[in-house]
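Since the model is a prediction, treat every value here as computed from it, not as a measurement. What you see below is based on every heavy atom in this structure, not just the backbone, and it leaves out hydrogens, waters and symmetry mates. The sequence lines fix the lettering, A, B, ..., with proteins before strands; numbering per chain opens at 1.
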Amino acid sequence: MPGSSNPRRRPRVIVDSLEDSPSSSSSEDEVEEEQGGDASEAGEMNLSGRKEEHPVAPSKKAPAFTINLKKVCKVCKEKGHQAGFQGATYIDCPKKPCFLCKKPGHTTMSCPHRVVLEHGIVPAPRRNKLTLLDYVFEREFKPHISKIKPKFVVPDKLEHVLVRFHSRRVTSLEFHPTLSSVLLSGDKKGQIGIWNYDKLHERTLYDSIHSCIVNNMKFDTRNNGLLYTSSSDGTISCTDLETGIPVLLMDVNPNGWNGPATWRMLYGMDTNLDKGLVLVADNFGYLYLLDGRTKVKMGEPILIHKKGSKVVGLHCNPAQPDLLLSCGNDHFGHIWDARRLDNGSSLASLAHGRVVNSAYFSPHSGSKILTTSQDNRIRVWDSIFGNLDSPSREIVHSHDFNRHLTPFRAEWDPKDPSESLAVIGRYISENFNGVALHPIDFIDTSTGQLVAEVVDTDLTTISPVNKLHPRDDILATGSSRSVLIWRPERKDEDREQLPERMKEFIICNSGKKSSKRMFDDDSDDDFSSKRKNSQQKKNGGKSNSAGPRKGKTVKA
DNA sequence: ACTTCATGTCCCC
DNA sequence: TGGGGACCCTGAAG
């Protein structure tokens with residue numbers, strides 16, 4: 001593996017391989033894949049427009065090629081070029097704007113946000129709007145600040161466990177605030193799972209709290225046994241986790257279903273438990289305030305976003321809970337003084353190019369803002385006390401909206417003292433040794449640098465839902481119907497001695513069988529995708545050693 | 001082992 | 001303002 005190293009090596013363009021199935025390339029074992037780069041030469045010649053393709057002399061085990069004279073693009077249906085997946089590599093349609101940065105004139109493969117650095121995801125140029133304070137800071141203070149930021153630790157080898165107890169896709173995740181190994185997950189169907197990932201059989205599924213998408217879950221900080229949940233069924237519930245008995249706090253559809261034009265869905269719930277407040281918003285632009293103790297709605301709903309547009313996120317500032325951040329489908333984020341919402345004017349408006357999937361204050365000081373927008377950009381405001389007219393940074397990152405996916409949200413690492421590390425799943429796929437995988441990205445939001453990408457051959461679906469543990473080095477991922485827990489490989493040497501990790505990327509593998517055995521009681525047989533199956537056949541089942549297989553680290 | 005279908009939400013005309 | 005088209009998906013059914 002060290003030999004092939006660069007994960008972003010040139011794409012292999014396989015033109016009409018005789019073994020035409022999409023899984024053909026992934027079914028080769030890894031040794032063969034090492035030689036796969038050779039094939040790209042032939043493919044690139046083809047891209048340059050030569051119609052007469054002489055069959056490439058098949059080096060041993062390399063896929064054979066045939067001539068395809070009637071190329072038809074799967075994307076735009078026009079002749080003369082091809083687009084779509086060729087094996088595990090996606091070839092863009094040249095008629096389309098770049099799938100990553102959305103600008104025309106180039107394809108994703110040649111997007112400057114992808115290939116300038118080996119990591120492929122780079123910040124948009126910082127806008128030169130420095131204030132006097134910034135210059136003073138740059139000159140007076142910055143030289144004295146250690147170049148090495150307070151460390152955020154990204155382990156370089158991970159292992160994971162995967163469970164599938166949800167029957168629909170996972171839409172929200174939340175770690176228990178005090179019990180270190182308890183994770184809660186909500187799904188599209190309204191079910192809420194509780195899972196102790198240290199005691200693998202301890203898990204519970206509550207299925208009668210909500211009837212559709214669980215959008216948010218929040219623990220009552222004064223009573224960890226209580227969980228507030230909001231749902232697209234239009235209700236907020238407060239559930240006693242011991243008994244599973246929910247108390248209905250609010251139902252915004254008291255008259256039942258009268259068609260989609262009137263059905264209200266609740267999003268973006270947050271709590272300000274200093275004041276006993278629960279805040280939630282709906283898909284028509286309104287904010288609701290609830291007294292969590294008396295379960296009484298406080299006043300009339302307040303319009304905080306464009307009328308008729310969905311409010312998708314709310315966040316109370318951790319340092320000053322009266323400061324409220326909202327975001328919505330009207331392409332705006334807004335900062336509010338929760339004590340003076342009535343006059344309808346926000347303290348600041350954060351404009352975005354598209355729908356804003358999420359907006360969060362930084363987890364400790366609350367002085368930064370991190371947003372995820374459907375224009376494929378993560379935006380960072382370094383200080384809410386500075387000029388908020390434009391973000392301090394725009395980081396191009398692939399997280400498109402799609403019907404089968406929970407909207408992506410970049411989430412802060414609550415353990416990072418520098419408040420700069422964030423995690424977010426990636427939509428666009430990458431060819432990892434012949435398998436198209438969608439990594440989970442760790443991004444240093446202070447620079448836009450991609451710090452690490454987490455992938456595993458067990459996980460072929462996109463992972464839009466991610467949460468970092470408040471204290472431990474643990475990442476929880478919701479991907480389709482699966483929930484994963486990633487943690488440092490425990491056999492690892494002293495992690496402090498590992499080299500600078502900024503340019504490493506992570507491949508982690510745990511034995512599929514071992515995870516399956518843990519959960520055989522559910523007779524889950526969907527651990528293996530078809531691709532995985534074929535891969536293992538070729539491997540002679542090598543990857544199914546009893547214990548977690550050692551992860552691989554590859555320098556970029 | 002392949003193809004088709006359903007599904008949701010947002011964009012754009 | 002509303003309806004049709006887009007979607008590097010996912011899972012199931014035919």
Calculate the interatomic distance between [X] atom [atom1] and [N] atom [atom2]; express it in whole Å.
X        : N      : atom1 : atom2 : answer
A:Leu405 : B:dT7  : CG    : P     : 17 Å
A:Arg164 : C:dA12 : CZ    : C1'   : 13 Å
A:Tyr90  : C:dC7  : OH    : P     : 8 Å
A:Asn376 : C:dC8  : CG    : P     : 11 Å

Sequence neighbours excluded, which residues qualify as side-chain contact (heavy atoms from CB on, under 4.5 Å) partners of [X]?
X        : answer
A:Ser211 : A:Asp233
A:Lys188 : A:Arg168, A:Arg169, A:Thr171, A:Ile213
A:Ser208 : none

Contact state string [nucleotides 8-13 of chain B, B base, S sugar-phosphate only, - no protein heavy atom under 4.0 Å]: BBSSS-
Any donor-acceptor pair under 3.5 Å linking the side-chain atoms of A:Asn376 with those of A:Ser398? no
Pairing donors with acceptors under 3.5 angstrom, does anything connect the side chains of A:Asn357 and A:Thr372? no
If you look at every strand shown and take non-hydrogen atoms under 4.0 Å, does A:Ile462 touch a base, only sugar-phosphate, or nothing? sugar-phosphate
What contact category does A:Thr461 fall into here, base, sugar-phosphate, or nothing, at under 4.0 angstrom with non-hydrogen atoms? sugar-phosphate
Would you kindly compare A:Ser479 and A:Lys96 by the position of their nearest DNA chain C nucleotide and give the one closer to the 5′ end? A:Lys96
Please tell me which of A:Ser429 and A:Ser482 maps to the more 5' nucleotide of DNA chain C, matching each residue to the nucleotide holding its nearest heavy atom. A:Ser429
Contacts of A:Ser167 meeting side chain to side chain donor-acceptor pair (under 3.5 Å) (sequence neighbours excluded), chain-then-number -> A:Lys189
Between B:dT7 and C:dG14 - P atom distance, rounded Å: 14 Å
If the test is side chain to side chain donor-acceptor pair (under 3.5 Å), which one of A:Lys306, A:His305, A:His352 qualifies with A:Asp330? A:His305
What's the spacing between A:Ile335 CD1 and A:Phe361 CZ if we round to 0.5 Å? 5.0 Å
Stems involving DNA chain C: give each as a range paired with a range, ordered by first number, where a stem means at least three consecutive Watson-Crick or G-U wobble pairs under 3.5 Å. B:2-6 with C:10-14, B:8-13 with C:2-7
Are any of the side-chain nitrogens in A:Asp400 or A:Lys102 under 4.0 Å away from the carboxylate oxygens of its partner? yes
